[in-house]
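Here the structure comes first, spelled out in structure tokens, and everything after it is commentary.
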Amino acid sequence: MDGISAILGRLWATSGFMQLVDVRQIIMIALACVLLYMGIVKKYEPLLLVGIAFGMLLTNLPGASLYHPELWDAYIEGTLGLGEVIHEGGLLDILYIGVKIGLYPSLIFLGVGAMTDFGPLLANPKSLLLGAAAQFGIFTAFLMALILKFPANVAAAIGIIGGADGPTAIWLTSLLAPDYLAPIAIAAYSYMALIPLIQPPIMRALTTEKERTTVMEQLRPVSQKQKILFPIVVTIFVCLLLPSVAPLLGCLMLGNLLKETGVTNRLADTAQNGLMNTVTIFLSVSVGATARYDRFLNLQTLAIIGLGLLAFIFATIGGLLIGKLMYKLSGGKINPLIGSAGVSAVPMAARVSQMEGQKANPSNFLLMHAMGPNVAGVIGSAVAAGLLLALFG
Amino acid sequence: MSIGTGAVYSLLGICVVFAALALLMAVVVILYRVTTPKASAQAPAAEPQTEEIAEYGIPEAPGSAGGIKLYNTDPRDAAMVMAIVADTLGKPLNELRFLSIKRIDEEAGGGNEI
């Protein structure tokens, strides 16, 4: 009898319940459950948020030892090699390598490229200016983060939230400020899901009823030849201009080329389905794993969440203001509502432009017009990330 | 980094992004000029619609879906028809060109004509 109770006692002593001594662990487990609820029930970016929340749950369960940030600290300091991290680490440490070396975001971009139609952008190249304007949020948030005394590299990583592009945010943060990966990724994906709530009030405040009712002319047709040449030309041009952006933009354009050539359909199918889904699981769980209670629960996380919201707001404002300028310069032919779609977040931001345009004028179909700035925003945020990496990397 | 330096970096950053995308815009325009035969590049995209419009002899509806002309058709129905056609053909909506949509009298066979 004594033997059984001793065994049970030992089992109890080694269980996670006995190690659950810090209230912050319980808070993080509860927060993970809230994020799971938001992903599953509210359907806020579920493909990413469910994985992130589950990774957060796993990493905060005491005793599981799936992720060891201290090993990665030692790796960054140079006192531990990658082989030792793999040997001593847990499952999530091994998955995290893909984040650490920037592999997952690039592969996600490959899939995004295979799913993206650049036709609306090619039909209306001015969309690129709207995509550039919406990057205003990145640099505003960067400046505000500096005001809040964040180091420059961290401020740059926080700023990229304004690009409204999850893989880009993860890519840049893992290279510039890996300790802040969890709050930045969670802020980026949460606000992307909240775009239908964040953008419309700003859109209505900054545009007049007359501007919102503007009906745009149908886009010109784009030949297949142009669609095939576009990813090749963009890769050569932008990667020569900003070589640091090559991993992201190169993969985005490769994915798009696979889609458009018409002779690599099997590869395009794999890039946008099998590969994309596999990498999404690895990426989301390992990013969530970095949100360990002793590193996540602090005032800096709250500041990052707040700055992320401001970044989205200023990005929307930047796109709308250039949209209004284009409305004036074009003699009222361009609906400024498509400017807000420049914040990336494909295709959610374009859908918001469509919905607001139809509210003002039910016969208005802005979706395809907004897709131009929307995909231009993806290129714009990648360019901004490459620039920040070149400056602070 | 001081706030002043940060402000300079921010200004420089947004200018570089603008310049890069403006140059890319120029590249796209050149790409269009190079890959499109002169005659079709100069022809306005919406021109063929005028003949179609005259053919129906029906007053144009007050609203129109971009360049699409709607005749006795509710914009919501028109959007639905366009989505169904795109889905049936298995083509993205932006690769299709709808010139006009006209509702035909239901007794005479019913439906929308595209």
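Every chain is numbered from 1 and lettered A, B, ... according to where its sequence line falls, protein lines coming before strand lines.
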| task | Under the side-chain contact (heavy atoms from CB on, under 4.5 Å) rule, what do A:Phe230 and B:Val28 come out as? Steps first, then yes or no, please. | result | CA-CA 7 Å; A:Phe230 178 73; B:Val28 171; 3.7 Å; yes
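When heavy atoms are compared at a cutoff of 4.5 Å, A:Leu241 approaches chain B solely by way of its side chain, counted from C-beta outward. Heavy atoms of B:Ala79 lying under 4.5 Å from chain A belong to its backbone as well as its side chain. Only the side chain of A:Ile322 has a heavy atom closer than 4.5 Å to any heavy atom of chain B. With a 4.5 Å cut-off on non-hydrogen atoms, B:Val17 touches chain A through its backbone and its side chain both. In this structure, the portions of B:Leu23 lying under 4.5 Å from any heavy atom of chain A include both its backbone and its side chain. Contact of A:Val222 with chain B is not made at all, since no heavy-atom distance falls under 4.5 Å.
Residues B:Leu24 and A:Phe237 meet the side-chain proximity criterion, which asks for heavy atoms closer than 4.5 Å. The shortest side-chain heavy-atom distance between B:Leu21 and A:Gln135 does not fall under the 4.5 Å cut-off. In this structure, B:Met1 and A:Phe142 have side chains that are in contact, with non-hydrogen atoms separated by less than 4.5 Å.
The residue among A:Leu388, A:Asn361, A:Thr140, A:Leu387 with the most heavy atom pairs within less than 4.5 Å of chain B is A:Leu387. Ranked by heavy-atom pairs under 4.5 Å with chain B, the list A:Ala133, A:Ala376, A:Pro151, A:Gly131 is led by A:Ala133. The choice from A:Leu143, A:Leu121, A:Val383 that makes the most heavy-atom pairs within less than 4.5 Å of chain B is A:Leu143. Between chain B and the options A:Val234, A:Leu366, A:Ile379, A:Val238, heavy-atom pairs under 4.5 Å are most frequent for A:Val234. In terms of heavy-atom pairs under 4.5 Å with chain A, the best-connected choice from B:Ile3, B:Leu12, B:Val29, B:Thr5 is B:Ile3. Considering only heavy-atom pairs separated by less than 4.5 Å from chain B, the leading option among A:Val233, A:Leu242, A:Asp117 is A:Asp117.
At most 12 heavy atoms of other shown residues, nucleotides or ligands fall within 6.0 angstrom of atom NZ in A:Lys126.
The distance between the ring centers of A:Phe139 and B:Tyr9 does not fall below 6.0 angstrom.
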